[in-house]
Amino acid sequence: MTPVELASAVRAAVRAAVDSGELSVQVPDDVKVERPKTREHGDYATSIALQLAKPAGRPPRQVAEAVATRLRHVEGVAAVDVAGPGFLNITLDSAAQGELARTIVTADSDYGRTSAMTGQKVNLEFVSANPTGPVHLGGTRWAAVGDALARILRAVGAEVTTEYYFNDHGAQIDRFARSLLARAAGEDIPADGYAGAYIDEIATQIVAAVPHVLELPRDEAQEVFRREGVDRMFAEIKRSLHEFGTDFDVFFHENSLHESGAVQRAVSMLRKQGHVFDKDGAVWLRTTDFGDDKDRVVIRSDGNPAYISGDLAYYLDKRERGFDRVIIMLGADHHGYIGRMMAMCECFGDKPGENLEILIGQLVNLVRDGQPLRMSKRAGTVITMEDLVDAVGVDAARYALIRSSADSQLDIDLDLWTRHTNDNPVFYVQYAHARIASLLRNAGDLGLDRGDLRPDLLVHDRESDLLGALGEFPRVVATAAELREPHRVARYLEALAGTYHRFYDACRVLPRGEEEVTDLHMARLWLVEATRVVLGNGLGLLGVTAPDRM
RNA sequence: GCGCCCGUAGCUCAGCGGAUAGAGCGACGGACUUCUAAUCCGUUGGUCGCAGGUUCGAGUCCUGCCGGGCGCGCCA
């Protein structure tokens, strides 16, 4: 029996109590059943009676009794106790509990998938780093967390398109081009330019690829450096993201919005709806109508579109492509954008928080020997994705970035994440998977086949703990999706790995030597295989490998 | 000044209103003739920043303060 099945059984028991007239209360849609911290409180517990006591106008323990009486008749439920102020502590039949191993092994890669967001089209935009330099640490956080979130949302049924918005338009690109040109010509980088080893590298490449570029008139040369430089930077960004395990469905070029007239179209649509006005020679969007602290210039008085104009057109484009939900992930240094973006959303007649959602990731620091790293060999000024990957590898980098809430600032201790010991959470989890793979290989060598499962044999405390942990997985994934918090999956996997290691320590799985193969050996093989499935599926949701050998 | 995020064990961090606040690391002490010891067991360790409030129940929700980070352009 899965926790979900049990939860609906509890809900049915509440309904039955209501139908019989014993309780007068609205039956809640969602009934929470959780694994209690101590096993003295049963296999599962629910506080539903405490929640219903007030609306029912009855003492909690009476409500609890009314539900318990009916729950006791449910098949697979061995005992229901009313405890403390009115908790229901539920103990399952060992067979009902052990059956979960079969459920998981049978579902295999589908275990953990649910349908909470089935039918929803979601556009998930993240990283979107400027093509004026390598992906920095902030972008890297989202490359890991955003990719994991995409996988998690797909696991709950959403149809997700991941997207990278490529800011290849505007003044910053000009600065980038001028910087390249300056370095190629052996001049100093302009004061407002970009510095770093990568600028020299790309400048050299362009000079090699376009031999006479430096003999062109300066504005023509700059255009060559712009085009070639952006192409090269873009290619490199894509490559490092790919090596990082994050591939996007769509790379969207800001420039296309300007060239296609999409920006003008978005502005005139908003003007038609009365949200646009002219002042001081500029075109403004009246975002203060929808809670922004000031109105925003959309087209500057010099006729050039302001940055936000691309965002207007881009948002509109996404909605016209049929996405119900547009999610954008930004660094904490851009949180000031939320107000105007949400106002823009309302200007289009949409619902902020529903059609448009903005997630903010706090800043990341790398730490070595207790000191924060400030400089990058590569970029000169910022730490890059490659710096992190070079230091700890892709799996550890992704995992380190994902396992903490994006709301928290994060210090990544490079020494810790390079250690191949149990200090390192990613190894702790991966090791559990490798250990299982090894065990299963040995089982194969012994010619063991799982055969029929005797679920009633999995009664050891450690087996029971493990089954309980495995049963939580779909709920954890669903919660991670709902709250947009992939770190929950990582934390769950750490707990599961620990539970497995403890099981492994206490319960011999394979027969020793000439020992006869028993049903218990087989049942444990089912359980081990189920654990492998969950660890593999979970790591898969994070984009972290699940190695068979370590 | 205004806005957002954070403040939980010595360190890094979990904890979508529930029972005795957890994990890893650190420190100390144990466990390999047998499935991977990258593991496990035990000990140590807490005014959940402070003060009020809501609630049967608050680390969790609300208000105010303190401390840290980030942001408040006709920049992108």
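The chains referred to below are lettered A, B, ... by the order of the sequence lines, with proteins before strands, and numbering in each begins at 1.
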Modelled atom types, side-chain donor and acceptor of [X] and [Y], under 3.5 Å:
| X | Y | result |
| --- | --- | --- |
| A:Thr288 | A:Asp295 | yes |
| A:Ser47 | A:Gln51 | yes |
| A:Ser405 | A:Glu485 | no |
| A:Thr499 | A:Arg462 | no |
| A:Asp407 | A:Gln362 | no |
| A:His253 | A:Asp168 | yes |
| A:Gln172 | A:Asn130 | yes |
| A:Glu163 | A:Tyr314 | yes |
| A:Arg508 | A:His521 | no |
| A:Tyr399 | A:Glu494 | yes |

[N] OP1/OP2 closer than 4.0 Å to side-chain N/O of [X]:
| X | N | value |
| --- | --- | --- |
| A:Lys37 | B:G22 | no |
| A:Lys32 | B:C16 | no |
| A:Ser438 | B:U36 | yes |
| A:Arg549 | B:U36 | no |
| A:Arg502 | B:C41 | yes |
| A:Arg300 | B:C75 | yes |
| A:Arg488 | B:G15 | yes |
| A:Arg524 | B:C35 | no |
| A:Tyr428 | B:C40 | yes |
| A:Asn304 | B:C75 | no |
| A:Ser408 | B:U12 | no |
| A:His501 | B:U36 | no |

Scan [X] against the nucleic acid and name what it touches under 4.0 Å (heavy atoms): base, sugar-phosphate only, or nothing.
| X | answer |
| --- | --- |
| A:Leu410 | sugar-phosphate |
| A:Glu40 | base |
| A:Leu439 | base |
| A:Ala434 | base |
| A:Glu494 | nothing |
| A:Asp311 | nothing |
| A:His487 | sugar-phosphate |
| A:Ser405 | sugar-phosphate |
| A:Ser404 | sugar-phosphate |
| A:Asp445 | nothing |
| A:Asn167 | nothing |

Identify which nucleotide among [options] has an atom closest to any side-chain atom of [X], counting heavy atoms from C-beta outward.
| X | options | value |
| --- | --- | --- |
| A:Met550 | B:C16, B:A38, B:A19 | B:A38 |
| A:Ala282 | B:G3, B:C5, B:C74 | B:C74 |
| A:Arg491 | B:G69, B:A14, B:U55 | B:A14 |
| A:Tyr431 | B:U34, B:A38, B:G3 | B:A38 |
| A:Asp333 | B:C35, B:C70, B:U36 | B:C70 |
| A:Arg435 | B:C74, B:A37, B:A19 | B:A37 |
| A:Ala45 | B:C13, B:C5, B:A19 | B:A19 |
| A:Lys294 | B:G71, B:G73, B:G69 | B:G73 |
| A:Arg441 | B:U36, B:C72, B:U34 | B:U36 |
| A:Leu483 | B:G18, B:C16, B:U36 | B:C16 |

If you measure from the [atom1] atom in [N] to the same atom in [M], how many Å do you get, rounded?
| N | M | atom1 | value |
| --- | --- | --- | --- |
| B:C2 | B:A58 | P | 31 Å |
| B:U55 | B:C72 | P | 41 Å |
| B:C50 | B:C66 | P | 15 Å |
| B:A23 | B:G69 | P | 32 Å |
| B:U12 | B:G3 | C1' | 29 Å |
| B:G10 | B:G45 | C1' | 8 Å |

Of A:Asp280 and A:Glu34, whose nearest nucleotide on RNA chain B comes first from the 5' end?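 The answer here is A:Glu34.
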Toward the 5' end of RNA chain B, by each residue's nearest nucleotide, A:Lys279 or A:Asn442: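 It is A:Asn442, whose closest nucleotide lies nearer the 5' terminus.
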If I take atom CG in residue A:Leu359 and atom P in nucleotide B:C5, what distance separates them, rounded to the nearest angstrom?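 So the two atoms are 13 Å apart, to the nearest Å.
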Whole angstrom value for the distance that separates C1' of B:C13 from CZ of A:Arg141: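 It is 12 Å, rounded to the nearest whole Å.
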Let me have a per-nucleotide readout for nucleotides 26-31 of chain B, 5' to 3', with B, S or -, counting only protein heavy atoms under 4.0 Å. ------
Helical stems, RNA chain B - three or more consecutive Watson-Crick or G-U wobble pairs below 3.5 Å: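 Paired runs of 3+ in RNA chain B: B:1-7 with B:66-72, B:10-13 with B:22-25, B:26-31 with B:39-44, B:49-53 with B:61-65.
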Does A:Phe87 lie flat on the base of B:A19, that is, centres under 5.5 Å apart and planes under 30° off?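 The ring of A:Phe87 is stacked on B:A19.
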Which is it for B:C32, anti or syn, if anything within 90° of zero counts as syn?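 It is syn.
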Has the side chain of A:Arg512 got a donor or acceptor atom sitting under 3.5 Å from an opposite partner on the base of B:U34?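 Result: at least one qualifying N/O pair found.
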Considering only heavy atoms and no angle criterion, is a donor-acceptor pair shorter than 3.5 Å present between the side chain of A:Ser301 and the base of B:C74?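 When only heavy-atom distances are counted, A:Ser301 does reach the base of B:C74 through a donor-acceptor pair under 3.5 Å.
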Let me confirm one number: the CD1-SG distance from A:Ile338 to A:Cys345, rounded to the nearest 0.5 Å.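 Reported to 0.5 Å precision, the distance equals 13.0 Å.
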